[in-house]
2 protein chains.
Amino acid sequence: MGGATTSSFVAPPSSLRNSSPDDCGRSHQHHHHLQPPSAVNSSARSTTATTTTTATTTTTTTTTAMASLVHALDCVFTPSPGACEEVLACVQRVLGEAGFRGSAQALGPGPGACGSLSGDGETCACLCVRESGLLTIDLHRDEAVSPSPDELFSALEVALRELRTEVQHLRRLPPVHRGGPVERFWALSDGRVVEYDFEEETLTTRSAYQSVRVLRSPQYGSTLVLNGDVNLAESDAAYTQCIMGDGQETFTGRDVLILGGGDGAILHSLLSNYKPRSITMLEIDPVVMEACRTHLRSVCGDVLDSLSGPTHQIVVGDCVPALRRYADSGTEFDFIINDLTAIPISTTHHHDSSWEFLWLILELSLKVLRPDGKYLTQGNGYNMRAALRVYEQHLGQLQPPVGFTRRTANVPSYLELWVFYTIWKKTP
Amino acid sequence: MGGATTSSFVAPPSSLRNSSPDDCGRSHQHHHHLQPPSAVNSSARSTTATTTTTATTTTTTTTTAMASLVHALDCVFTPSPGACEEVLACVQRVLGEAGFRGSAQALGPGPGACGSLSGDGETCACLCVRESGLLTIDLHRDEAVSPSPDELFSALEVALRELRTEVQHLRRLPPVHRGGPVERFWALSDGRVVEYDFEEETLTTRSAYQSVRVLRSPQYGSTLVLNGDVNLAESDAAYTQCIMGDGQETFTGRDVLILGGGDGAILHSLLSNYKPRSITMLEIDPVVMEACRTHLRSVCGDVLDSLSGPTHQIVVGDCVPALRRYADSGTEFDFIINDLTAIPISTTHHHDSSWEFLWLILELSLKVLRPDGKYLTQGNGYNMRAALRVYEQHLGQLQPPVGFTRRTANVPSYLELWVFYTIWKKTP
């Protein structure tokens with residue numbers, strides 16, 4: 001960062017102050033929040049999710065001016081009497097010397113404190129010192145008018161290391177853009193934060209079941225986001241490959257049931273690579289299918305253009321009553337591919353409806369699975385070890401007994417490894 | 001997030017206030033900053049990089065108490081006279097009603113303002129309102145003692161949408177842990193921020209050339225980090241596969257030169273999968289090799305245990321004079337695998353030493369490449385389009401002319417797609 005920095009934080013040269021936002025956004029370490037021309041819709045004060053949240057008329061310049069860059073410094077120190085006060089005085093002195101004005105206030109009954117100080121170029125330094133031994137400094141600046149804080153942070157680091165208080169570590173965080181036109185920060189399954197490279201919100205709508213969005217990533221292509229979860233992108237053949245058994249299964253001549261699968265990827269792969277005897281896909285949400293038919297065509301091909309073909313049909317509806325009807329009528333399948341919800345994150349599953357739903361789907365599926373059939377499903381993020389363990393323990397306790405294998409895929413748009421399962425009935 | 005939230009932000013029940021950090025850290029959406037028992041070394045006030053930055057004696061409880069969770073809310077509003085003041089008054093009113101104390105101050109000569117307000121449970125709300133139309137609120141809290149801000153944020157969202165000022169979008173960011181024991185936030189090639197799942201800093205040292213670290217990820221295994229860049233993890237066979245031509249080349253019976261490759265992955269793959277006539281590896285940094293020999297053994301096998309074998313040798317030294325000696329003596333190779341620096345990020349390459357270095361390596365390599373030989377190299381992140389274009393334009397202008405192909409790999413630990421090249425001399 002900071003290729004166009006000044007030699008002093010306190011007094012940036014006028015050339016920098018006067019530079020246009022476009023000048024400052026040229027470095028390729030900075031994000032380019034280009035406003036795409038094809039944003040669907042704009043309804044600024046809407047409180048419903050049926051309108052897009054991106055504004056159509058924003059230009060690059062306006063966007064850059066609107067966004068703010070936040071640089072952060074963390075300092076962990078050993079708690080001791082007077083440590084908080086010493087750290088706070090040090091930070092206030094260094095910020096004061098750099099021209100920041102303002103003071104801190106008590107954070108609670110103890111010696112902790114917080115404060116926001118304002119500096120040149122409308123820069124704001126927010127500091128928070130905790131008695132437990134943590135100082136955080138967040139420096140909010142407008143890239144267009146205020147200088148890089150590199151030198152200020154260096155001065156702070158030097159000053160903090162000279163204190164009597166023991167500094168355990170000092171760490172600068174990568175700068176973060178705030179207020180850009182497209183949502184870019186997402187949480188992974190284990191709560192970690194990642195910034196996506198989404199440049200455009202192509203679709204934002206709400207179905208009877210969920211919020212349905214398509215965002216455009218330069219790397220991953222059009223990306224389906226359901227209820228805030230990145231679901232599948234055009235880059236994600238690895239997901240489809242892995243949920244279908246990672247090339248270990250042949251579906252030719254078999255009866256295949258897909259639960260969910262509204263993006264059309266599994267159906268498209270089955271029809272392109274195999275000759276199944278029959279494929280039935282049970283998808284509840286026509287809005288998802290329409291979104292993918294329109295925006296993720298490289299994923300679904302033309303399989304979502306109609307609800308049936310010579311050997312396949314798409315049933316728009318709830319899979320639970322359908323599975324019950326199959327069980328009642330004795331209809332059976334060689335493969336059931338469960339592309340519904342991932343394994344719930346909660347591990348206290350006694351009264352968790354998503355675990356109950358998962359077990360119900362599994363129970364009904366095993367009822368309509370042929371004795372030599374296979375049940376293929378996604379699990380969850382590799383790091384959701386406790387939830388995956390709950391799932392595997394449940395599998396180990398099923399009667400009649402089942403066997404299972406587990407595999408991991410590196411799905412490009414997921415930014416974390418993802419676990420999949422193949423489950424079958426053990427022969428007595 | 002917030003599975004254990006209270007029904008009111010203002011007055012958390014005493015049971016929550018008194019709960020131990022361990023209780024609050026149990027949700028599997030939270031990070032567990034477990035302090036590994038095997039941290040190498042601890043020298044808290046050290047200013048050199050030769051000692052580890054993790055503390056060995058910190059327990060889980062202390063760690064949780066030390067860390068802070070930051071919840072952020074961004075509000076982009078349409079700039080207009082009085083908008084800033086209206087937004088600020090609204091935020092201060094809602095925060096005041098929730099028991100926050102403190103006030104904001106001017107951010108500069110305009111109506112922009114910043115402030116830090118303190119609330120119950122040592123919670124700190126930092127706000128920054130800019131005339132250009134951006135409000136950011138960062139709520140810093142100690143998970144162990146202060147409640148989730150979900151209700152406060154909802155109240156703020158409702159209040160902001162009721163203003164005369166037009167709110168373009170409101171966006172909550174995923175909560176971020178600050179001050180944990182292991183560095184987790186990294187910038188990708190295009191500046192985006194990602195949080196890794198590193199749980200342990202296994203090695204931190206500094207060689208004559210660079211900082212050398214090994215961090216432990218549950219997903220990716222031991223991960224080599226050079227000068228702050230994630231270089232190669234145990235999960236990253238895809239990198240080695242792709243830089244070696246993605247299975248399209250056979251090295252059996254050929255003379256192979258590796259430039260860099262200190263992690264040993266390429267050498268190990270060549271010796272395991274092919275029978276090259278000769279392999280020469282030119283690696284400048286013995287500290288990198290020793291780090292990988294010790295901590296990334298699944299990557300290098302035993303190939304770094306000695307500097308030579310029946311058909312290979314590792315030359316510890318600078319590759320530039322070695323390449324010049326090969327050119328002078330007429331030594332030639334069938335394959336040159338450049339596993340040195342990635343393509344520089346800067347696109348103003350007239351006086352950029354890293355571009356100069358890249359062109360020098362390429363020029364010298366082409367001199368010692370047999371007429372039907374191939375030069376294999378990494379490029380950079382897929383999103384570094386301008387830098388990749390500079391590289392490809394340079395290739396297009398070389399005399400004698402070269403041809404090239406380009407491919408992309410999804411290297412697990414990189415969290416972004418990575419571009420690789422194969423380059424060859426065009427026959428006249």
Side-chain angles (χ1 to χ4, degrees), chain A residues 28-31 44-45 47 53 55 65-66 68 74 76 102 105-108 112 114-116 118 122 124 126 128 130 132-134 136 138 140 161 166-169 171 173-174 176 178-179 183 185-187 191-195 197 218-219 345 347 382-384 386-387 410 412 415-417, chain B residues 28-31 44-45 47 53 55 65-66 68 74 76 102 105 107-108 112 114-116 118 122 124 126 128 130 132-134 136 138 140 161 166-169 171 173-174 176 178-179 183 185-187 190-195 197 218-219 345 347 382-384 386-387 410 412 415-417:
Chain A
H28 291 274
Q29 291 185 309
H30 296 165
H31 308 152
R45 295 177 64 95
T47 53
T53 54
M66 202 162 56
S68 183
D74 288 353
V76 172
Q105 62 174 331
L107 191 55
C114 65
S116 290
S118 58
E122 304 203 359
C124 167
C126 298
C128 188
R130 292 191 182 277
S132 53
L134 176 63
T136 61
D138 293 332
H140 297 244
R161 290 213 183 272
E166 185 188 51
V167 169
Q168 293 179 18
H169 65 246
R171 203 169 279 152
L173 278 64
V176 168
R178 300 283 291 273
E183 188 170 353
F185 295 95
W186 249 262
R192 286 180 294 128
V193 180
V194 290
E195 183 177 0
D197 58 355
Q219 288 180 91
I345 283 169
T347 50
Y382 181 91
N383 280 348
M384 303 314 296
N410 184 25
L415 302 183
E416 62 182 320
L417 300 182
Chain B
H28 290 275
Q29 290 185 309
H30 296 164
H31 307 153
R45 295 178 65 94
T47 53
T53 54
M66 203 160 57
S68 184
D74 288 353
V76 172
Q105 62 174 331
L107 191 55
C114 66
S116 290
S118 57
E122 304 203 359
C124 167
C126 299
C128 187
R130 292 191 183 278
S132 53
L134 176 62
T136 60
D138 294 331
H140 298 244
R161 290 214 183 272
E166 185 188 52
V167 169
Q168 293 179 19
H169 65 245
R171 202 169 278 150
L173 278 64
V176 169
R178 299 282 292 272
E183 188 170 354
F185 295 95
W186 248 262
D190 58 356
R192 285 181 294 128
V193 180
V194 290
E195 182 177 359
D197 58 355
Q219 289 179 90
I345 282 169
T347 51
Y382 181 92
N383 279 349
M384 304 313 296
N410 184 26
L415 302 182
E416 62 182 320
L417 300 182

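In what follows, chains carry the letters A, B, and so on, assigned in the order in which the sequence lines appear, proteins first and then strands, with residues in each chain numbered from 1. Just so we're clear, the structure is a prediction, and the values are computed from it rather than from any experiment.
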Chemist: Heavy-atom pairs under 4.5 Å with chain A: which of B/Cys126, B/Pro412, B/Cys128 has the most?
Modeler: B/Pro412
Chemist: Under a 4.5 Å cutoff for heavy-atom pairs, which residue among A/Leu415, A/Leu417, A/Val194 has the most contacts with chain B?
Modeler: A/Leu417
Chemist: Could you tell me which portion of A/Cys114 (side chain, backbone, both or neither) has an atom closer than 4.5 angstrom to a non-hydrogen atom of chain B?
Modeler: both
Chemist: Looking at every non-hydrogen atom in both residues, tell me the closest pair between B/Pro174 and A/Val193 and how far apart they are.
Modeler: CB-CG2, 3.7 Å
Chemist: Show the nearest heavy-atom pair for residues B/Leu134 and A/Ser68, with the distance to one decimal.
Modeler: CD2-CB, 3.4 Å
Chemist: Of all heavy-atom pairs between B/Arg130 and A/His140, which one has the smallest distance, and what is that distance?
Modeler: NH2-O, 3.2 Å
Chemist: What part of B/Cys124 is in contact with chain A, defined as an atom under 4.5 angstrom from a non-hydrogen atom: side chain, backbone, both or neither?
Modeler: both
Chemist: Who pairs with B/Asp197 by salt bridge (Lys or Arg N to Asp or Glu O under 4.0 Å), at least two apart in sequence or on another chain?
Modeler: none
Chemist: Look only at the side chain of A/Asn383 and the backbone of B/Pro218, and say whether a donor-acceptor pair between them is shorter than 3.5 Å.
Modeler: no
Chemist: Mind listing the closest non-hydrogen atom pair of A/Arg192 and B/Glu195 along with its distance?
Modeler: NH1-O, 2.8 Å
Chemist: Of all residues at least two apart in sequence or in a different chain, which pass the side chain to side chain donor-acceptor pair (under 3.5 Å) check with B/Asp74?
Modeler: A/Arg178
Chemist: Give the member of A/Gly115, A/Ala106, A/Gly108 that has the highest number of heavy-atom pairs under 4.5 Å with chain B.
Modeler: A/Gly115
Chemist: Using modelled atom types only, decide if a donor and an acceptor are shared between the side chain of B/Gln105 and the backbone of A/Ser116 within a distance under 3.5 Å.
Modeler: yes
